[in-house]
Amino acid sequence: MIKNRGIGFGIENLPRIVRGEGSYLFDDEGRRYLDGSGGPAAFCIGHANREVNAAITAQLEKVACGYRYLFTSDALEQLTQLILSLSGPRFGHVVYTGSGSESIESALKVALQYYDARELPAKRHFIARQRSYHGNTLGALSISGYAERRAPFEGSLLDVSFVSPANAYRPPEGVSEGELTGYLADELEAKIQAVGPDRVAAFIFEPVVGAAGGVVPAPPGYAAAVRQVCSRYDVLLIADEVMSGVGRCGTWRALEHDGISPDIMSIAKGLAGGYIPLGATVFKQEVGDAILQAQGGIMTGHTYSGHTAACAAGLAVQRIIERESLVARVLERGAILKRALHESLRRYDEIGDIRGRGFFIGLEFVRDRTTKQPFPADRRVNLEIGRRAFENGLICYPCAGNVGGGLGDTVIIAPPYNATDNELAELVEKLTLAVEGTLSAPLSAQR
Ligand SMILES: Cc1ncc(COP(=O)(O)O)c(C=O)c1O
């Protein structure tokens, strides 16, 4: 048994995983866990899928990897075509990565190279939002409004400007729900003007915030409004769809819901569904063309970018999602799941908000529903719910700090797209038990 050193989901003694099957994972003591959050929203078609494993094995038996500067491959080309057709006609270029953080790094670098190619080299500055998470590499962490994860690295992060989160449940003080979108668009415009439009390269945001907020969809009209502001000032719009994209929200691109296209989009988790690490940065035809014309190549990537077996895994996962109409299923069943969570949990006064899209649902717990006052941090409500759920055979994703960094308790639900109706019912039942146990237990009974 390995002792967890306090970072993560609050589980102290980690069990040893031995196998997976569909929506379930099993440890070496025979305990079964329903994967109600895809770990951190990654395992979108469940575990040990035979078709995906066969596709990976078939690729490995031929060749594991053709290095990208020497070879192309069927898997890479077919996956690229599929990503572009699923992303929509405005997109024309894909670069591959091995993680969400790398997909963000590549997005930032594509933006910088684009302006360099256009001979606007002063456009170097990024604007991002508070309460956001874009990854753990230095560049991705620099644009993350996530004090707890940044703290040990402050002083070595990029100089980035931040604007307010787009959170209808916790709007900036004095801003009503109806005013929120206009307020945030004006704030972004003012920030671009303050930095200087000739210096701003891109604005980056999560269409639905993940771990930093506990699933926070932007208010209606927000994405279209920031799209307009960015276009007005020749600032690129980067969508971080690492967690929310590839079908998780019930549309293949999360921003399809808002009817807009970003200039650059980062995807990862759902792309190969956790079978092999794989991410991608997808960008508009004109952005990539400008770089290629001026400089001949997109200067981002690593030894294993476009790894052939990883592309084979991604292709197999995406083909299953398409063939089984799983994105439409997520949209339909997501609404039912959210309703079931409401029905099962609304009797607890401590449920402040249940929100999200598709199979990306967040629950926010508060001490007082009227004032939205959070619990004291040492009550560890989110971790306690996660721990109790885990002990009872349910994996969910507890997150802290959505209120000012130090306070706030949220739990993310993000099951596999093909979880059965019975499994979704089991999820609701086990989560309700964990919530009930946590909220009714005296403080002294909690670790
Ligand atoms: C929205 C978002 N962006 C980027 C990342 C970084 O991805 P990775 O952990 O694969 O590097 C994450 C990870 O959780 C994320 O949720």
Side-chain angles (χ1 to χ4, degrees), residues 7-9 37-44 95-110 126 128-146 148-150 153 157 160 165-167 202-218 223 237-249 253-255 262 264-282 300-302 304-305 307 310 313-314 317 356-362 395-402 410-414:
I7 295 179
F9 289 13
S37 70
F43 309 119
C44 61
V95 293
Y96 288 100
T97 71
S99 68
S101 301
E102 286 175 45
S103 300
I104 294 294
E105 293 293 333
S106 284
L108 302 180
K109 291 183 72 190
V110 165
F126 295 106
R129 293 193 316 207
Q130 292 294 354
R131 290 318 307 167
S132 60
Y133 180 61
H134 298 292
N136 243 342
T137 49
L138 281 180
L141 197 58
S142 298
I143 55 161
S144 299
Y146 204 133
E148 316 86 285
R149 293 189 186 175
R150 294 169 60 100
F153 311 101
L157 300 175
V160 169
N167 184 342
F203 170 59
I204 179 159
F205 78 116
E206 295 165 82
V208 181
V209 177
V215 184
V216 186
L237 183 65
I238 302 177
D240 178 350
E241 298 210 1
V242 166
M243 212 180 209
S244 58
V246 195
R248 171 63 57 201
C249 288
R253 284 192 300 110
L255 279 181
I264 305 174
M265 171 175 78
S266 299
I267 54 176
K269 295 177 189 264
L271 187 55
Y275 281 81
I276 299 191
L278 181 68
T281 307
V282 189
T300 183
H302 308 267
Y304 299 129
S305 300
H307 189 281
V317 168
R357 292 186 196 155
F359 275 5
F360 197 29
I361 299 175
I395 298 168
C396 58
Y397 188 170
C399 305
N402 67 309
T410 55
V411 170
I412 294 178
I413 296 300

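Read the numbers this way: they start at 1 and go in the same order the structure lists the ligands and their atoms.
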Atom indices of ligand 1 within 4.0 angstrom of Met243 heavy atoms, with elements: 16 (O)
Whether the Ser103 and Ser266 side chains hold a donor-acceptor pair (N or O, under 3.5 Å, no angle test) is what I'd like checked. no
Gly135: numbered ligand 1 atoms lying under 4.0 Å from its heavy atoms: 4 (C), 6 (C)
Closest approach of any protein heavy atom to atom 13 (C) of ligand 1, naming residue and atom: Lys269 NZ, 3.4 Å
Closest protein heavy atom (residue, atom, distance) for atom 11 (O) of ligand 1: Ser101 OG, 2.6 Å
Side-chain contact, heavy-atom cut-off 4.5 Å: Cys44 with Lys269? no
Under a 4.0 Å heavy-atom limit, does Glu102 contact ligand 1 with its side chain, its backbone, both, or neither? neither
Is the ring pair Phe203/Phe205 parallel, tilted or perpendicular, if the boundaries are 30 and 60 degrees? parallel
Would you mind finding which of Leu278, Val242, Ile204 brings a heavy atom closest to atom 5 (C) of ligand 1? Val242
Region of Glu206 engaging ligand 1 - heavy atom pairs below 4.0 Å: side chain
Quick check on Asp240 - does any of its heavy atoms sit under 4.0 Å from an atom of ligand 1? yes
Would Arg248 and Phe359 count as a cation-pi pair here, with the cationic atom under 6.0 angstrom from the ring centre and within 45° of the axis? no
For the backbone of Gly362 and the side chain of Thr410, can you confirm whether one donor and one acceptor N or O come within less than 3.5 Å of each other? no
Do Arg149 and Tyr146 meet the cation-pi criteria used here (NZ or CZ under 6.0 Å from the six-membered ring centre, within 45° of the axis)? yes
Do any nitrogen or oxygen atoms of Ile104 lie less than 3.5 angstrom from nitrogen or oxygen atoms of ligand 1? no
Of all the non-hydrogen atoms in the protein, which one sits nearest to atom 10 (O) of ligand 1, and at what distance? Gly100 N, 2.8 Å
Is there a donor-acceptor contact under 3.5 Å from the side chain of Ser144 to the main chain of His134? yes
